[in-house]
Amino acid sequence: MAEMTYRTAIAAGIAQEMERDPTVYLIGEDVGEPGGVFKATEGLYERFGPDRVRDMPISEEAIIGLAMGAAMTGLRPIAEIMFSDFVATCWDMIANQVAKTRYMTDGQIGLPMVIRTANGGGLRFGAQHSQAVENWAMAIPGLKVVAPSNPIDVIGLTAAAVRDPDPVVFLDSKPLYSLKADIPDGEVVDELGVAKVRREGTDLTIVALASTVPKAVEAADILDREYGISAEVIDPRSLIPLDMTTILESVRRTSRMFTVEENPRVLGWGAEIASIVAEEAFFELEDPIVRITTPHIPLPQADVLEDAALPSVDRVVETVRKTLG
Amino acid sequence: MAEMTYRTAIAAGIAQEMERDPTVYLIGEDVGEPGGVFKATEGLYERFGPDRVRDMPISEEAIIGLAMGAAMTGLRPIAEIMFSDFVATCWDMIANQVAKTRYMTDGQIGLPMVIRTANGGGLRFGAQHSQAVENWAMAIPGLKVVAPSNPIDVIGLTAAAVRDPDPVVFLDSKPLYSLKADIPDGEVVDELGVAKVRREGTDLTIVALASTVPKAVEAADILDREYGISAEVIDPRSLIPLDMTTILESVRRTSRMFTVEENPRVLGWGAEIASIVAEEAFFELEDPIVRITTPHIPLPQADVLEDAALPSVDRVVETVRKTLG
Amino acid sequence: MARTETATSEATGRSGLDESTRLALFRSIVEMRYFEERAHRLFLDNLVKGTSHLSLGQEAIAAGFGLAMRPDDYTFATYRGHAHTLARGVPMGPVLGELLGRKTGLLHGKGGSMHLTSVEHNMMGSYAIVGAHMPVAAGAAWSAQVRGTEQVAVCFVGDGTTNIGNFHESLNLAAVWKLPVVYVCENNLYMEYTPISKVTSVPNPAADRASAYGLESLIVDGNDPEAVYEMALERLARARAGEGPSLIEAKTYRKGGHSRADPAKYRPEEEVKEWLARDPVDNYRKRLLESGIDEATLVEIEKESLAKVDEADAEARAGPLPDVSSMETNVWSDGGSAWRR
Amino acid sequence: MARTETATSEATGRSGLDESTRLALFRSIVEMRYFEERAHRLFLDNLVKGTSHLSLGQEAIAAGFGLAMRPDDYTFATYRGHAHTLARGVPMGPVLGELLGRKTGLLHGKGGSMHLTSVEHNMMGSYAIVGAHMPVAAGAAWSAQVRGTEQVAVCFVGDGTTNIGNFHESLNLAAVWKLPVVYVCENNLYMEYTPISKVTSVPNPAADRASAYGLESLIVDGNDPEAVYEMALERLARARAGEGPSLIEAKTYRKGGHSRADPAKYRPEEEVKEWLARDPVDNYRKRLLESGIDEATLVEIEKESLAKVDEADAEARAGPLPDVSSMETNVWSDGGSAWRR
Ligand SMILES: Cc1ncc(C[n+]2csc(CCOP(=O)(O)OP(=O)(O)O)c2C)c(N)n1
Ligand SMILES: Cc1ncc(C[n+]2csc(CCOP(=O)(O)OP(=O)(O)O)c2C)c(N)n1
Ligand SMILES: [Mg+2]
Ligand SMILES: [Mg+2]
């Protein structure tokens, strides 16, 4: 048992896998000697050396391409893109090359690689350094997408991602970097595609991801305490593969679903889940499906504006109450 | 009245706007002297000259950046990205720069520019030259997204896009290039954000876009003729702005909605429309909302495989019948 | 082959500039210096939200170009853009206000420190994704070329920017079309925390690549305001005359860290000592005194500059917070954020 | 400064290669020539679905490298990859089968002409988005370097590829890390329909940029199989010895259009005449005869090559169509396409 922050769990998860498997390499801008601009890879360079932990030039396409070429020839690279907004600068490498290669070669080439990146807002970094882009990756066939909501999952899902034979986009959540948790001793290994029920409930189901999970749980507690409304909170943890079994089972039981999403509204990850529920659990639903998201805007920089844009505990509470009338 | 193909309508639409407004410029790879690799810009170089119709190097980021810089300083550029798959190679320029600039500068900078590109499959070009990426653009706040389904709309919506003060991603549909229609004489100008009812019906609403519109209409005819099922077919024509008024009015009347989408299943454009309907027309729905899409796979190249992957008239007919049971 | 021209005004002997120009340069770097020091202080007082990247130590580049540019020339800067914004005559109050996230900020709190823009001053924006503004500057230059206005676009980038694709695509296109654009690489030896030499295949990341675009290899002492000013005048004139783009590498150094919180521990003491001894403000002050300008004049400029910063500081602090409703304005040209009907 | 080395085996006087090597080169280009001509015929017969890009006229480059490479070296090609695939010993039948979209195709119809891949032959793929495979090749080279296998990655690109960002990012990184990768630019003077000279800031789009990465400027006659072979041997050896990457510009010309349907009307007659007179197959045949190899030997090789193509043709035509169910296989490592539970 050791207490760790989300931030330190990132390095711990990578270290666990690099220790276990000598073919795991870490590349990225400032990830080595500097220990990462968020200090999320601190200690790895000292521990695993300059051969396995490499500082890259500002060449995002080369970073992903390098990992792809290494992954098809015997390594299991972890490539870091500093801010998730920057996946746009190498989107062709991710969405057209990495994602499609196994299919186009009908299985000849597999790409066991992880693209890890700092995702999400709330740090006053403005529109180009704060986006939640999990929905971009979710829309691309051939990519697995992971977005952990706590330090233990960071380690366990890092292990699952590194060990997965398919390319995984691993989005850690900037706003959660100081979140603390006790980490069990020994190896922590988890599984992709398994949702977790963060809080049990009977009146409605809230699906939340990464930064919105703590908010949804807090909102559920308030709904319970102050309004006697019992909300179940589900954290899918990975968007691809997506554990619809757990979500559908819950919604069929509660007959109501809400999503709480950090990504901008249009075609956020909740739109896929809502559409599936509207098709497959339609006759069990008692109320409209409601998505609580960031408005469909770029993120403003000023603190008062950014706070108003991101989904808040209050907004979740109010929206649920209004919907249940 | 002159008959035109979808292909020739592209050049006609651009010509109409270049004729009208001397600040309209066309840039792209092989768009000038060669007349475009799809012959979709044929004649423009001869008519407007090398100054206003320019062949670019294979530098997609520079193409979009150039248009952006020109748009903020007095020109109204039309920038062509040859295949829509390649927007990934300049996605940062499109999604992070072009889309966010007006907002980040709080209105100081406007970008009257059009990004036009050949979208969609069915031509046996394989996974990197056949994608329907309208959902990528739809998910980005700050981009308007147009996808015409016939030659008249190509001209009218090109005019609307070029005259719009905001950046517009204009996706013309490769598989429709040989589609013919009679074009009225004189200027053709249309409007963004106005859906068209392509076929009236009472039992269900089918929302289709670009290449799936003709398929949906044909399916609706078959459903009517062979099964006495009356389907209304709606073509939103632009995804942003999105004419939900027309769609919701129709669904409330028919109480059933289907989408027919060329993009891969997960977070296709239909997911947003389905989610809105599931929230706002929930109590008027009698049956589950069903999305008919390409499976969530990269597109295979062989004709038999590609044909099986793309939504077909038969698949629409069968799915509707099964759902209405 | 392209020649390498290294310019420092010491090298070129005593300055040929008239006194008013030299005092204007001095005033400019002093104002930038005081402004950035104040910005840093406000950050330490926790009034600057989010990140910010200061030009402390690099002021001579912004000042030299600012003075050499025509009012209608375009500036494109990076997130490290405070000095370049001031260099175009943008008032300090709104700039500081933007750093503080106020309604009275240059962008009303929408953009923040990394996106300073003032179209009215032809400051066409600060861009936070490395290299992205390089083709945008080319586009502004192209538009000036076809409009026949003889405007020049000046685009400032860092040394780390020389390794990203946009650098290559933009310079090739600018050269082929002979665009009136001047790219200025401020080589401060570091990306964020990584030395540029560790990740770059040539010693001079910009200058050694000019020939790949058929351009001259140009290096200037980025801590010497006069050398920068003279190089700027020459290159702007060439661009205006239709002789095409330039790529200039200005050697300089950050006084502090990459961004607000960075203590810059990764830089060797020796290197830091050596460069701090070349501080552009201190040295230029010394040179002006040596050249016979009397100290009172400089002190007066310093006083006025400090007063200007104090005033801006007070103005910024007094600015109200943005109305929350403004969060949903100016996504679209209609002023709003509605995406459906 | 980097020197420019132009290699043609004429230039270097009579060939130092032994007869078996020279006949192997001849056999290789003849097989490629016949194969591509057949591919074109099958397209005209409407049996090749979709697009395809032929190496007619450019065979000497693929042949020279194919013969010089070690079996465990990696090949990365563009959509114009038929010849490079054959050069690694991939059997013709499955390659033609893939063009015909058959179950017996190299990729079972999943990829098509633009994505030919045979990992078993270390042909690591054909990539249809310009420049995208350049950093991928660097990655394979990096992996070879850290695994200590002395493998080299060879990456073929076109002249048009020299203006995209990936070109710059990949060469810089390869040079900094001294990666065992050889980049070969097949300069056939055109992008699709646009002359490279119209959009490029230097006369030799690859060679004139080598110095930007601290590399030698290398040009080879891409229509001379022996010159290519010798350049390949030298550069592969350097890479294997840990001396880092190379960038080679091979001058060549397309016999026909960019892709299947293109009549290539945009090329000046004079230019076409001049280059067709330099056809690699015809000329090499002449040279071999002049050097005393008797015609019967060559005719025999031509017969065998034609027979090989006929056989592959028959095999490909006989191949069944893919099962529709295979559309949903191999998205994931579990063999399927399920993305939810
Ligand atoms: C495409 C991209 N990659 C990474 C970053 C993160 N980042 C911000 S500043 C910076 C260093 C830039 O170095 P340089 O170009 O030398 O400019 P300087 O900060 O030294 O002025 C990096 C890597 C970014 N903003 N954009
Ligand atoms: C990024 C990107 N832009 C555009 C295209 C469309 N395209 C395919 S081939 C080609 C020309 C490439 O020219 P070159 O690199 O000289 O190769 P060549 O075809 O002459 O062998 C273009 C523009 C593409 N495939 N990828
Ligand atoms: Mg720097
Ligand atoms: Mg070419």
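Here is the naming used below: chain letters follow the sequence lines, and residue numbers restart at 1 for every chain.
Heavy-atom pairs under 4.5 Å with chain B were tallied for C/T149, C/L106, C/T117; the largest tally goes to C/T117. Comparing C/H133, C/Q151, C/H108 by heavy-atom pairs within less than 4.5 Å of chain B, the highest count is held by C/H108.
With a 4.5 angstrom heavy-atom cutoff, C/M134 does not touch chain B via any of its atoms. B/M93 touches chain C through its side chain: at least one heavy atom from C-beta onward sits under 4.5 Å away, while N, CA, C and O do not. In this structure, the portion of B/R54 lying under 4.5 Å from any heavy atom of chain C is its side chain and not its backbone. Within the 4.5 angstrom heavy-atom criterion, no atom of C/A137 approaches chain B. Only the backbone of B/L143 comes within less than 4.5 Å of a heavy atom of chain C; no side-chain atom from C-beta onward does. Interface residue C/M327: backbone and side-chain heavy atoms are both found under 4.5 Å from chain B. Residue contact with chain B, scored on non-hydrogen atoms closer than 4.5 Å, involves the side chain of C/N172 exclusively. C/W142 touches chain B through its side chain: at least one heavy atom from C-beta onward sits under 4.5 Å away, while N, CA, C and O do not.
Smallest separation of non-hydrogen atoms from B/A62 and C/N166: N-OD1, 4.4 Å. For the residue pair C/V136 and B/M72, the shortest heavy atom distance occurs at CG1-CE, 3.7 Å. Closest non-hydrogen pair, C/R340 versus B/I276, comes out as NH1-CG2, 3.6 Å. Here the shortest heavy-atom pairing between B/T73 and C/R147 reads O-NE, 2.9 Å.
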B/Q108 vs C/L107, side chain to side chain contact (heavy atoms under 4.5 Å, CB included): CA-CA, chis, key distance, verdict: CA-CA 8 Å; B/Q108 276 192 59; C/L107 312 169; 3.4 Å; yes

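By the 4.5 Å heavy-atom criterion applied to side chains, C/W339 and B/V145 are not counted as neighbours. Between C/V331 and B/R102 there is no side-chain heavy-atom pair separated by less than 4.5 Å.
Taking non-hydrogen atoms and a 4.5 Å limit, the residue list of residues 81-89 of chain B in contact with chain C is empty.
Between the side chain of B/D106 and the backbone N or O of C/K110 there is no donor-acceptor pair closer than 3.5 Å.
For an aromatic pair to be called close, the ring centres must be under 6.0 Å apart, and B/Y103 with C/W332 fails this.
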